[in-house]
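Order of the sequence lines fixes the chain letters, A, B, ..., with proteins taken first and strands second; residue numbering starts at 1 for each chain.
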Protein chains: 2
Amino acid sequence: MTVRFSEIRAMPGQPFTEGCPTRVVLDHIMGKWGVLVLLSLSDRTHRWGELRREVQGISEKMLAQTLRVLEADGLVHREAYPEIPPRVEYSLTPLGRDLMERMLPLVEWVAIHSDAIVGTDD
Amino acid sequence: MTVRFSEIRAMPGQPFTEGCPTRVVLDHIMGKWGVLVLLSLSDRTHRWGELRREVQGISEKMLAQTLRVLEADGLVHREAYPEIPPRVEYSLTPLGRDLMERMLPLVEWVAIHSDAIVGTDD
DNA sequence: CTGTATCCTTCTAGATACTG
DNA sequence: CAGTATCTAGAAGGATACAG
């Protein structure tokens, strides 16, 4: 194993204890919609409407909320073009790209093993 | 970037579309408590009471529920010893250990960057 | 096209009490 | 010690309508 959790836990600030900032970030990026939006953006820049279609099942409300949180976290960049009709493009910030480099191997694993896992029981 | 999402998306079964098994697995392992329980177990085998203490803030109900889901998924192994008082030990299965190898680098990233992220805004 | 605002339902999850 | 059962408050999330 490349990293051990005990080493991570021993880092300054005691990550993943109650009330710790890591818990908040974990909720943002590991939440149902956070992951799916970040995945879409890891591919390329997307417009609002594209994200609505690509992240299947997300409501406008949850898309707006998710994007606002990820933008406030500094993971997503929002670029609005003052045109009629309006055009807004969402992309990953450098920090967001750095994050996705760590997340994509995990997501790939999930894609490969999900059938077996859900097939086992659920 | 080591993997691209577009390649993952193109895999058989169209991962991460609506109703896909990957969505279910994602919810199990990326959920708030799923991650924290898996992290504790990635370190070593734990008894029920140890998990309650280590995963700070989790209720008995959520711990039981989380463990049952992860066990059904084949990620966690439950070993009950027929003693008085009873002793039950939880550990990762080989599949679970494989998963955590991909998850730990991500978790390490979160531990390192969380202060900056939450500091930015929330 | 890109959102916001509101209502309303469903589901999560914490607290409490209890059992083998 | 290792759980289960029940109840309930609150949050999450969907539908709809509307605005810039």
Side-chain angles (χ1 to χ4, degrees), chain A residues 16-20 23-38 40-41 44-73 76-91 122, chain B residues 16-20 23-38 40-41 44-73 76-91 122:
Chain A
F16 307 105
T17 52
E18 210 169 2
C20 173
R23 291 268 184 117
V24 177
V25 174
L26 221 51
D27 284 349
H28 292 179
I29 68 166
M30 309 280 272
K32 176 176 185 171
W33 298 123
V35 176
L36 294 172
V37 167
L38 287 170
S40 275
L41 293 180
R44 61 173 175 83
T45 294
H46 279 83
R47 299 181 58 171
W48 166 273
E50 290 176 330
L51 284 173
R52 265 216 76 184
R53 281 187 298 277
E54 183 143 347
V55 182
Q56 292 174 17
I58 198 170
S59 64
E60 296 191 337
K61 181 183 169 184
M62 292 315 297
L63 180 55
Q65 193 176 114
T66 303
L67 285 170
R68 264 188 277 115
V69 168
L70 295 177
E71 192 192 354
D73 285 347
V76 165
H77 173 68
R78 178 183 187 276
E79 186 83 36
Y81 299 89
E83 305 171 348
I84 304 289
R87 179 166 59 101
V88 180
E89 305 209 320
Y90 293 92
S91 57
D122 190 52
Chain B
F16 307 105
T17 52
E18 210 168 1
C20 174
R23 291 267 183 117
V24 177
V25 175
L26 221 51
D27 285 349
H28 291 180
I29 67 165
M30 308 280 273
K32 177 176 184 170
W33 299 123
V35 177
L36 294 172
V37 167
L38 287 169
S40 275
L41 293 180
R44 60 172 176 83
T45 294
H46 282 275
R47 299 180 59 169
W48 164 273
E50 291 175 331
L51 284 172
R52 266 216 77 185
R53 281 186 298 277
E54 182 144 347
V55 182
Q56 293 175 16
I58 198 170
S59 64
E60 296 191 337
K61 180 184 169 181
M62 291 316 296
L63 179 56
Q65 192 176 114
T66 303
L67 284 171
R68 264 188 277 116
V69 168
L70 295 177
E71 192 192 354
D73 285 347
V76 165
H77 174 68
R78 179 183 186 275
E79 186 82 37
Y81 299 88
E83 306 170 353
I84 304 289
R87 179 166 58 102
V88 180
E89 304 210 321
Y90 293 92
S91 57
D122 190 53

Which heavy atom of Arg78(A) sits nearest a heavy atom of Tyr90(A), and at what distance? NE-OH, 3.4 Å
Find out whether Leu36(A) and Ile58(A) are in side-chain contact, i.e. whether some heavy atom of one side chain is under 4.5 Å from a heavy atom of the other. no
Near DNA chain C, counting only heavy atoms under 4.0 Å, which residues of residues 54-64 of chain B show up? Ser59(B), Glu60(B), Lys61(B), Met62(B)
For the helix from dC1(C)-dG20(D) to dG20(C)-dC1(D), figure out the bend between the end axes, five pairs an end, and round to 10 degrees. 50°
Could I get the full list of side-chain hydrogen bond (donor to acceptor under 3.5 Å, both in side chains) partners for Glu89(A), not counting sequence neighbours? Arg87(A)
Whether Arg53(B) contacts dC1(D) is assessed here as follows: a side-chain N or O lying under 4.0 Å from the phosphate OP1 or OP2. Is that the case? no
For Glu54(A), check side-chain hydrogen bond (donor to acceptor under 3.5 Å, both in side chains) against everything at least two apart and list the hits. Ser40(A), His46(A)
Side-chain heavy atoms of Leu51(B) within contact of Leu67(B), under 4.5 Å: yes
What is the nucleic acid contact for Tyr81(B), judged by heavy atoms within less than 4.0 Å: base, sugar-phosphate only, or nothing? nothing
Does Arg52(A) reach a base, just sugar-phosphate, or nothing at all? Heavy atoms under 4.0 Å. nothing
Sequence neighbours excluded, which residues qualify as side-chain hydrogen bond (donor to acceptor under 3.5 Å, both in side chains) partners of Glu79(A)? His77(A)
Ranking Pro85(A) and Arg68(A) by the position along DNA chain C of their nearest nucleotide, the one closer to 5' is Pro85(A)
So does Met62(A) get a backbone contact from the side chain of Ser59(A), meaning a donor-acceptor N/O pair under 3.5 Å? yes
Answer yes or no: is there a side-chain heavy-atom contact under 4.5 Å between Val25(B) and Asp73(B)? no
When you compare the side chain of Leu63(B) with that of Val55(B), does any pair of heavy atoms fall below 4.5 Å? no
What integer distance in Å separates Lys32(A):NZ from dA12(D):P? 14 Å
I'd like the 5' and 3' limits of the part of DNA chain C contacted by chain B, with heavy-atom contacts below 4.0 Å. dA13(C) to dG20(C)
Among dG14(D), dA2(D), dG3(D), the one nearest any side-chain atom of Pro86(B) is dA2(D)
I need the CD-C1' distance between Gln65(A) and dA12(D), as an integer number of Å. 8 Å
Check whether any side-chain heavy atom of Val76(B) sits under 4.5 Å from a side-chain heavy atom of Val69(B), and report yes or no. no
Tell me whether Glu60(B) is salt-bridged to Arg52(B), with the criterion being a basic N under 4.0 Å from an acidic carboxylate O. yes
